Structure formats: C-alpha cells, structure tokens
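Here's the structure we're looking at; comments come further down.
Reminder, nothing fancy here: chain letters follow the sequence lines and each chain counts from 1. Computed from a predicted structure; not experimentally measured.
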2 protein chains.
Amino acid sequence: MSDKSTRAQIVDAADRLFYRHGFDHTSFADIAGAVKISRGNFYHHFKAKDDILDSVIETRLANTRAMLDGWENASDDPAERIRSFINILIMNEDKISKYGCPVGTLSSELAKLNHAARTDANGLFTLFRTWLARQFALLGLKDDADRLAMHLLARSQGVATLTNAFPDPAFVRHEVEQMCDWLDRCIAGAKHTGGK
Amino acid sequence: MSDKSTRAQIVDAADRLFYRHGFDHTSFADIAGAVKISRGNFYHHFKAKDDILDSVIETRLANTRAMLDGWENASDDPAERIRSFINILIMNEDKISKYGCPVGTLSSELAKLNHAARTDANGLFTLFRTWLARQFALLGLKDDADRLAMHLLARSQGVATLTNAFPDPAFVRHEVEQMCDWLDRCIAGAKHTGGK
DNA sequence: GTCTATAGATTGATAGAC
DNA sequence: GTCTATCAATCTATAGAC
C-alpha cells in the first residue's frame, strides 16, 4: 500500500482537531499524537502546516459537495432539499453546541489570522450559498434566490453561534421550526406572483 | 499619577488586539509593542495572560452595560430601543466585516480553547439577552420575551458572521430592514392578544 | 514603575540514520 | 516511509538592576 493511508490519517486528525480546538491552537505535536507518528515523519507528507490546512479545506469542500448532491438526489422537491439543510442544526446539535459550526468558526478564525487560505475556506460558505440559491430559483423565486440563500445561511449561523454559547435543544428546535415556517411563506408568496 | 494609566493602556490595547487577531494568537510582545512598554513591565500590572483577558472582558461588560443604559435613556419606546440594537450591525459594519462580532467571535474562540473565562465571556451575550427580553416584555410579549430575545440575537450573529465572510453593505441593510419588519409584526401580534 | 536579561517550555521545520 | 536528534524562533513567565 502507498503512503495514502498515513496522509489520509493526518488530514483526518487535523480536520477533527482544527474543528475542535481551532487551526492556530492545534500544533504538529497534537496531530502527530492523534495519528501516532513522529513529528519528523510529518514533513514527508506535508511541507508546512498551511499545506495541511489546504488539504483539510479541500476534504471539507469535497464532503460538502457530496452531502449537497445527496440531498439533491434524495428528493425532487426543492423545499424538501432546503429542509435538509435547515435540519443539519438538529442532526449535528451535539457537535455544534460543543464546537460551533465548522464552516463559520473556521471562516472567523482565518479572518482574524488574516490567513492566506481564508478565501478557500469561505468557499465552503459559497458552496451552500449557490446550492441554496439554486433551490430557491427552482421554487420560482429566481429574482431573490441569492438573497434568500444568504438569509437562511445567516439564520443557521446565528443559531449555531448561540447554541455554542447556550446549549439548549428547545431553542434549536424552535428556531428550526421557525425557519421551516419562513420557507413555507416564501413558497406561498412565490405561488401568488407565479401566475403573473 | 498612579499606574492606572499604563494598566488601562494595556487593557485597551489587549481589547483591540484580541478582537482583531484573537486571544490565543495575540502575544505579550504584540501588546507590549502596541503600548510601547517592555515585556517585563507587563507582570507588574498583570500576573498572567489570562488576567488580562479577565480585565478585557470586565471592560467589555461595563461598556456594554453603559451602551444598553444609553439606549434605555434615549427612548421610552421599547421598540425604538430594540431598533438601536438591530442597528449596531450598520453602525459597526466596517469592523464587523473585517473582524466579525466581538461578542460572538470571542465566545467561539474561548469555547474551542476550552478556556476558563468562557463563562464570563458568554456573560456579554447574557447582557444583551436579558436586556432584549426586558424590552419585549415591556411590549406586552412577556411569555415569549426570552425566546424573542434569543431569536433576534441569533439573527444578528448570523448576519455578522456572513458579513465577515462576504462583506456587502446591501446584504446588511436588507437584513436589518427584515429584522425591523419582524419586530413590527411581533408588536402587531402583541396588540391583538393584548386586549384579551 | 520600568527596564534588561534570561529561564524553561513549545512552536514549526530540517537533517540524516535506518 | 518512519524514526531520532536537533535547530532557530517564539512563547509565557521570572529575577533583579535601576
């Protein structure tokens, strides 16, 4: 077998540690300890710490694309697809209450660090943004699609941030319900003007 | 003059640097450089880095209380007070687009660091939360006051996070308008059930 | 109250044996 | 491909002169 396994293990451990403790705060020693290799062996697979971050972001982008494709294949109804997005808050509630949203917290940290990979990390947001906008367009809300996508992304981010500060399943459940109600009203509004 | 001036300068510089680059990423050397004192002189005023963080949080708590008192004194209308809160997003748009919300980003970072001051930092959220809830109660929405406060806090946090990732004045303006509309609908709903 | 000098630990990164 | 040994830089923190 090639070195793919070790490299994948490094990226996997880094992904988890960056999420849980932040990129800057995670040291090579931390990652090496998790994978159980020596620090020296590291540089056979990656030239620098930033290269690991790049790989982690690439992995997250690929995983996110796969998740969005999965939702797209799971239902023909754009509203149902959007509800899949909204429900991440409940599916991942445990992790979010402990570590926040992996997309939002990485984006915020890299912004503060003024890190070169900041734009790449924001690509994770863009992935959700364009996917959501496409679903809204399919619902007949083409003119407002991006605006609605940004609105829903913001709502989701805000709930994640506050759940991280004040873990409370009832709060999450209520906010998710409110987002679903909002979605229904959007669709109802689209049908009224759709016949024009 | 006592040492108050230097100490205040340290807290002031730390406050700014913690906000701009994060707590963990800001070193004593960074703060010392900003205040233009030597690193050694530091420990005459603070025993450890964590003590500076505590002072920064205390300062932010005091400043936030003063701001909330100011809004309370500026208007007798709770709705107008709440709009003062919503409008921070526009007032501080420049800083938010660069560094995010000072409350949310500190809360997220300390959560990842599993830092002892995490609870104190979340007190900043609590300050807004209870203040907003009181305003909603004054509007006749006593039963849902905390829920509405959390909802508005979440909306605000989400807009801040996304503005940090995608700076766009039009997005902020539109979301602020939506929040004000939402507030008006809350008040209209309260008046309907208020006569009961 | 402020400084210089320095300790002791940890960081990211390199060199070279196996 | 993995290891040990090590470097240079940086970090928090301390000691002691002025």
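The interatomic distance linking A:Lys49 (NZ) with D:dT10 (P) rounds to 15 Å, in whole Å. Across the protein-nucleic acid pair, A:Phe42 atom CZ and C:dT14 atom P stand 14 Å apart, rounded to whole Å. Atom C1' of nucleotide C:dT10 and atom CG of A:Asp24 are separated by 13 Å, given to the nearest angstrom. If you take CZ of A:Arg39 and P of D:dT2, they are 17 Å apart, rounded to a whole angstrom. If you measure from atom CZ of A:Phe46 to atom C1' of C:dT14, you get 18 Å, rounded to the nearest angstrom. Atom NZ of A:Lys36 is separated from atom P of D:dC3 by 13 Å (rounded to the nearest Å). Between the CZ atom of B:Arg7 and the C1' atom of C:dT2 there is a distance of 17 Å, given to the nearest Å. If you measure from atom CG of A:Asp51 to atom C1' of C:dA13, you get 12 Å, rounded to the nearest angstrom.
Side-chain N/O atoms of B:Tyr43 include none lying less than 4.0 angstrom from OP1 or OP2 on D:dT14. For the pair A:His44 and C:dT14, the criterion of a side-chain N or O lying under 4.0 Å from OP1 or OP2 is not met. Listed pair A:Thr6 / D:dT2 meets the phosphate criterion, a side-chain N or O lying under 4.0 Å from OP1 or OP2.
A residue-by-residue look at B:Asn41 and A:Asn41 shows that B:Asn41 has its nearest nucleotide of DNA chain C further toward the 5' end. Nearest-nucleotide positions on DNA chain C for B:Gly40 and A:Phe23 put B:Gly40 closer to the 5' end.
A salt bridge does not link A:Asp30 with A:Arg39: none of the charged nitrogens is closer than 4.0 Å to a carboxylate oxygen.
Within the 4.0 angstrom heavy-atom criterion, only backbone atoms of the sugar-phosphate kind lie near A:Ser27; the bases stay farther away. Heavy atoms of B:Phe28 sit under 4.0 angstrom from primed sugar atoms or phosphate atoms, though from no base atom.
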ring-ring contact (aromatic ring centres under 6.0 Å, His included) evaluation trace for A:Phe85 with A:Phe128: CA-CA 9 Å; A:Phe85 167 80; A:Phe128 285 103; 5.7 Å; yes

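Remark: A:Lys49 is positioned above the aromatic ring of A:Phe23, its terminal NZ or CZ atom under 6.0 angstrom from the ring centre and at most 45 degrees off the axis.
Among the nucleotides C:dA13, D:dC11, D:dT4, the one closest to the side chain of B:Ala29 is D:dC11.
Side chains of A:Thr161 and A:Asn164: no donor on one and acceptor on the other come within 3.5 Å. Counted by atom type alone, B:His21 and A:Asn114 present zero donor-acceptor pairs between their side chains at under 3.5 Å.
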